[in-house]
Amino acid sequence: MSDSYDVVVIGAGPAGYPAAIRAGQNKLKVACVDEWRNTDGSYAFGGTCLNAGCIPSKALLESSELYQRAKEEFAAHGITFGDLKVDLAAMQGRRAGVVKTMTSGINALFKANNVAGIQGHGQLEPGNKVRVKAPDGSERTLDAKHVVLASGSIPIRLKTVPHDGKYIVDSWNALEFDEVPRRLGVIGAGVIGLELGSVWRRLGAEVTVLEALPQFLPMVDQTIAKEAQRQYKKQGLDIKLGARVSSAAAAGKAVTVAYSDEKGEHSVEFDKLIVAVGRRPFTAGLLAEGSGVTLDERGFIEVDEQCRTKAPNVWAVGDVVRGPMLAHKGKEEGLMVADLIAGHYGAVNYDVVPSVIYTAPEIAWVGRTEEQVKQSGRAYKVGTFPFAASGRARAMEAGVGMTKIVSAKDDDEVLGVHIIGPMAGELISEAVLAMEYSASTEDIQRTMHAHPTLAEALHEAALAVDKKAIDGLNR
Ligand SMILES: Cc1cc2nc3c(=O)[nH]c(=O)nc-3n(C[C@H](O)[C@H](O)[C@H](O)COP(=O)(O)OP(=O)(O)OC[C@H]3O[C@@H](n4cnc5c(N)ncnc54)[C@H](O)[C@@H]3O)c2cc1C
């Protein structure tokens, strides 16, 4: 095979591999280079998301939620049983199996779309050349008309909390625990900290989450955040806000953490400590001298609205560029870039990026929070609908949480939708579609929703915006 390509993508995570597949669909000659290695030493496509992020975390969230529900909810359905146990090795085996199926699927997709998948480290050299170092140490250079950089992100580590991978761990290590820690500390009450804290809490750990910010989930609509805080507390997650960790040290089989809050200095002991304080763009060894690609002060590759870097015909997508670090945001950027390269239309609507926290209840939102709309000065109206009034949620024994819609007072445009409740991550898609098409609340009101479904909660919230809810009280 010749080493000249129309497109070379560096990184096969959820931003890079879709870019490569779409380039193949666009009849471009494309290669995708990736260096990911799993803890067993095996190479795999799929990046953080498939190997150590979205997919394994959701596999464990599902298993642990089933256990929790069996323990606490099945009796209400009239289902009882004798001896409920967790077989963690089997649970972790399933998690690994799900990951393996998904990552192997990328090999098949590459083949079907004529993408040359190459395992190894890629480095962009001047003149759109990509130097590839293979796992056996051999090197070769690929010539590319266009290069797409999709090198992703890695967890932020704290200098005063030295990572050892065993007691003081990151999110990846925390997905692969082989026993349930008795006392688990989590630094950071963000999405990843809350999801991992929930998994291990449900499986029996005492979980304490230390969050430096005084406000809980500041990026989430505060009606929803308050309800989430209440629900997590009921589940036994001990979330300490305004808790600034100053140091942590592992000794023997325990980790001692020092933190301060408004009450003073504290010291607390855990069996494991997860550091989940965010992620940073990863560009180590990616750019050779003179590549022409520039980084901003936080280490993100600088790009324009359409993901062009400062170097001609070099693009960058996903976690390594500005914007929310989410798999679906990276995917849309990857598709846009592959279409633009082929001379087609391509765009990403950054105003309607959905976010989901996969705890139970789930939290999902799109658009602006009520606080943000208030701050913008635009007159607005709000409708809410509680899942307690949803027949389907009740039938599922999941009548917790609510749906909330914020709309403009002048033209009725939907400005933001916020959900906490069962399957919120699935329900938000309707809101995303509505907002993509600049729907008004009335558009949702006049859209028929199947009965009995959870989606009716969105319909009722839309009706509630104009005080026309049928199944709930109009306040
Ligand atoms: C625990 C956890 C849970 C998450 N859950 C969700 C979720 O539910 N939903 C969601 O949307 N997001 C979630 N995320 C975030 C999501 O994983 C990222 O947003 C997403 O993976 C970013 O995709 P990417 O393609 O930009 O980068 P990555 O997935 O990080 O992939 C980058 C790839 O590039 C490779 N690479 C880097 N440099 C080179 C090089 N020089 N040569 C060759 N290869 C290179 C890396 O090895 C990697 O395989 C989660 C993250 C974590 C950690």
Side-chain angles (χ1 to χ4, degrees), residues 8-20 31-38 43-62 95 99 103 106 117-125 130-135 142 147-156 169-176 186 188 190-199 274-288 291 300-301 307 316-334 353-359 362-364 425:
V8 172
V9 182
I10 303 182
Y17 86 76
C32 186
V33 185
D34 193 285
E35 66 181 353
W36 184 279
R37 282 183 88 169
N38 280 311
Y43 282 82
F45 294 125
T48 307
C49 176
L50 271 73
N51 290 290
C54 325
I55 302 304
S57 62
K58 267 79 246 177
L60 288 184
L61 279 158
E62 189 66 29
R95 186 256 312 145
V99 167
T103 56
I106 297 180
I118 300 173
Q119 250 115 21
H121 177 81
Q123 185 176 57
L124 176 70
E125 295 186 331
V130 175
R131 185 113 189 110
V132 179
K133 191 167 183 191
L142 312 179
V147 176
V148 182
L149 305 173
S151 54
S153 62
I154 53 171
I156 292 174
V169 303
D170 62 20
S171 55
W172 189 3
N173 307 128
L175 289 166
E176 300 193 356
V186 182
V191 179
I192 294 175
L194 291 171
E195 289 185 1
L196 289 172
S198 293
V199 165
I274 305 173
V275 180
V277 293
R279 298 178 61 84
R280 62 182 175 85
F282 179 67
T283 53
L286 178 69
L287 305 168
S291 72
F300 289 96
I301 295 178
C307 293
V317 294
D319 279 10
V320 79
V321 303
R322 83 286 176 265
M325 287 184 164
L326 291 170
H328 41 280
K329 172 264 193 186
K331 178 180 184 180
E332 292 306 315
E333 289 178 337
V353 179
S355 298
V356 184
I357 307 177
Y358 295 85
T359 49
E362 277 184 8
I363 299 171

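When a ligand or atom number is given, it counts from 1 through the structure's own listing order.
- Polar contact check, Ala327 against ligand 1: a nitrogen or oxygen pair lies under 3.5 Å apart.
- Atom NZ of Lys58 has more than 12 heavy atoms from other residues, nucleotides or ligands within 6.0 Å.
- Remark: ligand 1 and Tyr358 share no N or O pair separated by less than 3.5 Å (distance only, no angle test).
- For ligand 1, the atoms lying closer than 4.0 Å to a non-hydrogen atom of Leu286 are 41 (N).
- Counting heavy atoms under 4.0 Å from ligand 1, residue Leu326 touches it through both backbone and side chain.
- Regarding atom 2 (C) of ligand 1, its nearest protein heavy-atom neighbour is Gly53 CA, 3.3 Å.
- Close approach to Cys49 involves these atoms of ligand 1, each under 4.0 Å from a residue heavy atom: 17 (O), 21 (O), 29 (O).
- The residue Ala284 has no part lying near ligand 1, judged by heavy-atom distances below 4.0 Å.
- For the pair Lys133 (side chain) and Gly122 (backbone), a donor-acceptor distance under 3.5 Å is absent.
- In the vicinity of Met325, heavy-atom distances shorter than 4.0 Å reach the ligand 1 atoms 15 (C), 19 (O).
- Taking a cut-off of under 4.0 Å to the non-hydrogen atoms of Ser57, the atoms of ligand 1 that pass are 3 (C).
- Residue Phe282 approaches ligand 1 through these ligand atoms, each under 4.0 Å from one of its heavy atoms: 37 (C), 38 (N).
- Annotation: atom 14 (N) of ligand 1 to nearest protein heavy atom, Cys54 SG, 3.7 Å.
- Taking every non-hydrogen atom of Asp319 and a distance limit under 4.0 Å, the qualifying atoms of ligand 1 come out as 18 (C), 19 (O), 20 (C), 22 (C), 26 (O).
- Contacts between Ile10 and ligand 1 below 4.0 angstrom, taking non-hydrogen atoms only, involve the side chain exclusively.
- Proximity to Trp36 (heavy-atom distance under 4.0 Å) selects the following atoms of ligand 1: 47 (O), 48 (C), 49 (O).
- Contact annotation for Ala150 and ligand 1: only backbone heavy atoms (N, CA, C, O) come within less than 4.0 Å of the ligand.
- Gly152 CA, 3.1 Å is the protein heavy atom nearest to atom 27 (O) of ligand 1.
- Any N or O atom pair closer than 3.5 Å counts here, and Arg279 shares no such pair with ligand 1.
- In this view, Arg131 and Glu139 satisfy the salt bridge (Lys or Arg N to Asp or Glu O under 4.0 Å) rule, not counting sequence neighbours.
- For Glu176, the salt bridge (Lys or Arg N to Asp or Glu O under 4.0 Å) criterion is met by Arg95, not counting sequence neighbours.
- Here the heavy atom of the protein found nearest to atom 35 (C) of ligand 1 is Asp34 OD2, 3.3 Å.
- Here's the thing with Val320: none of its N/O atoms is less than 3.5 angstrom from an N/O atom of ligand 1.
- At a heavy-atom distance under 4.0 Å, only side-chain atoms of Lys58, from C-beta outward, approach ligand 1.
- Closest to atom 42 (N) of ligand 1 among all protein heavy atoms lies Gly122 N, 2.8 Å.
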